[in-house]
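One structure is given below, encoded as C-alpha cells.
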Amino acid sequence: MENTPLSVRLENVTKVFTKSETPAVSDVTFEAPPFGVTSIIGPSGAGKSTVLRLIAGLEAPDIGVVRIAGSDVARTPIQRRGVGLVFQNYALFGHMTVRENIAFGLTVRSRDFFRRLLERRSERDKINERVTDLLRLVQLQGYDDRLPSQLSGGQRQRVAFARALAIEPNVLLLDEPFGALDARVRAELREWLHGLQQQTRVTTLLVTHDQDEALEISQHVVIMQRGKVAQTGSPEDVYDNPVSPEVASFLGANVLRGHVRSGRALVGPVVADAPRGANDGDSVNAFVQPQDVKLTAATSPNDGDVRLGTIERARVVGSRVKVLLLLANGDQVNVEMPRDEFDALAVSEGEQVYLDARSPRVFLGDYSI
Ligand code: ADP
Ligand code: MG
C-alpha cells in the first residue's frame, strides 16, 4: 500500500446543530498522530460521530479548524480530503458484486481525470489488479463474484474496509465499524484490524463505545463526554490515571463512597491519601478497576471489618472469574481475577472475603452514576 500517513488535528472545534441545545461538539482540540490508531470513546451522544463527520467533511465546524497534515481543510471537499470511511452499517451496493463494490471508488475517481483513458485496457487492468490486492488485504480472495447478500456480516464489513482503502486514503475514519456484529466476530475483526493497520500504517481514527476495543488496538485515546474532550493520552495512561470520576467509571472502574478523616480517605476497604484540598468529613469517591481488587479468604471474619465483602455472585468467563461483592455500606464492587486464584480461595456465593484494593484513585465530592 502506498499511502502517506498524515496527522489529523482539531483545534477548538465547535459544532452546534440546534441552537437551544448544548453543542454536539464543544471546543474540541486533539491530535491523531500519523501511522497509528487513535480511538475516540465515550458514551452515546458524546459527539464522537460528529467529530468524524467534521474530519471527513460531511459537516463543517461553526468555530475552529480541522487540519489534515497541517493544512486547514475547510475549503477541501470530501472527495479531495483523502479520507476512507467505514461506518457501522456502511451499506454496500446490493446489486454489485464484491469486486464491483470495491472498484466503485476507483472508477468514480477515475471518471474526472481519465474518462477517455478508462476505456483503455491498461487502466481497467490496473483497477482489476488493485482490487485483487485489496481482496487479498482483507482476506477475501475468491469472493470476487459474490453479492453482499451472500456474505456474513464480518465479511461485508471487510468489503467496506477494502472499498475505503481502495482510494489509498491518507486517513481512515471508522465509526463503530464492528458495532453491528456479534461478540465473537467482533473480537476476530478487532484482531484483523490491528494487523491491517500494522500493514498499511494509515492514520486511523476509530470511534467506539467499547473501551476494551479502544484500549486494545489504539496507541492514542480521546475520551469524549457531552461534546467535550474529557481526557487524551495513551491507553495505559488514561486507564491508570483517569482525570475525573466520570472518566474512571466510563473505563469500567468501581465507584466506592467514603469520607475524609485526619488527612486520609476512608472508602470502604480503601484507605488512601485524601485528595488535595480535602477537609475532615468531606465526601470522597474511590475508583478501583475490577482487576485491581485482591481477595483473600476470611477464615474467622471480624464483624464490622470494612475490608469484608460478601460474594453475591461469581461467574466463570473463560479463564477468568467475575465476582460481584457487597460491602457493609451497601456499595457493590466488581472484581475480576484469574480462575485459579479464585478457586484457591475456596469460597462460594454468600460467603465473606477480605478485599484489598490496589492503586485506587480518590476524588473529592459525591459522585454517583
Ligand atoms: P455519538 O456518536 O458520540 O453518539 P453524535 O456525534 O452522533 O454522538 O451526536 C452528538 C449530539 O449531536 C447528540 O446530542 C445528537 O443528537 C446531536 N446530533 C448529531 N447529529 C445531528 C444532526 N444532524 N442534527 C441535529 N442534532 C444532531
Ligand atoms: Mg455515533
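Note that ligands are numbered from 1 as they come in the structure, with each ligand's atoms numbered from 1 the same way. Bear in mind the structure is a predicted one, so any value in this text is a computation, not a measurement. Heavy atoms only: backbone and side chains are in, while hydrogens, waters and symmetry mates are out.
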Practice item. Scan the protein's non-hydrogen atoms and note whether one is under 4.0 Å from atom 15 (C) of ligand 1. Key: no

Practice item. May I ask you to check whether Glu21 has an N/O atom sitting below 3.5 Å from an N/O atom of ligand 1? Key: no

**Study point:** Minimum heavy-atom distance between Arg163 and Asn101, given as atom pair plus value
**Key:** CD-O, 3.0 Å

Review point. Any side-chain donor-acceptor pair under 3.5 Å between Arg99 and Thr132?
Key: yes

**Study point:** Contact bool for atom 5 (P) of ligand 1 (protein heavy atom, d < 4.0 Å)
**Key:** yes

Review point. Would you say Lys294 has more than 12 foreign heavy atoms packed within less than 6.0 Å of its NZ?
Key: yes

Study note, to complete from the structure: The single option from Arg190, His194, Gln211 that satisfies side-chain hydrogen bond (donor to acceptor under 3.5 Å, both in side chains) with Glu216 is Arg190

Practice item. Using distance alone, decide if ligand 1 has a nitrogen or oxygen within less than 3.5 Å of any nitrogen or oxygen in Glu59. Key: no

Exercise for review: Can you pull out the closest protein heavy atom to atom 8 (O) of ligand 1? Residue, atom name and distance to 0.1 Å, please.
Suggested key: Gly47 N, 3.2 Å

Review point. So which heavy atom in the protein is nearest atom 10 (C) of ligand 1, and how far is it from that ligand atom?
Key: Gly45 O, 3.5 Å

Check your understanding: So, are Arg130 and Asp133 salt-bridged, with charged N and O less than 4.0 Å apart?
Key -> no

Review point. Is there an N/O/S atom in Ser44 at a distance below 2.8 Å from the Mg ion (ligand 2)?
Key: no

Check your understanding: Should Glu341 and Arg339 count as an ion pair when the cut-off is N to O under 4.0 Å?
Key -> no

Revision key, fill the gap. Atom 9 (O) of ligand 1 sits nearest the protein heavy atom Thr50 OG1, 3.8 Å

**Study point:** Close N or O approach (Phe17, ligand 1; < 3.5 Å)
**Key:** no

Check your understanding: What protein heavy atom is closest to atom 7 (O) of ligand 1, reported as residue, atom name and distance in Å?
Key -> Ser49 CB, 3.7 Å

Check your understanding: N/O to N/O below 3.5 Å, does that happen between Lys48 and ligand 1?
Key -> yes

Practice item. State, yes or no, whether a side-chain contact exists between Arg67 and Glu31 at a heavy-atom distance under 4.5 Å. Key: no

Check your understanding: Between Arg361 and Asp240, does at least one N-O distance fall below 4.0 Å, as a salt bridge requires?
Key -> no

Practice item. May I ask you to identify the nearest protein heavy atom to atom 11 (C) of ligand 1, giving residue, atom name and distance to one decimal place in Å? Key: Ala24 CB, 3.7 Å

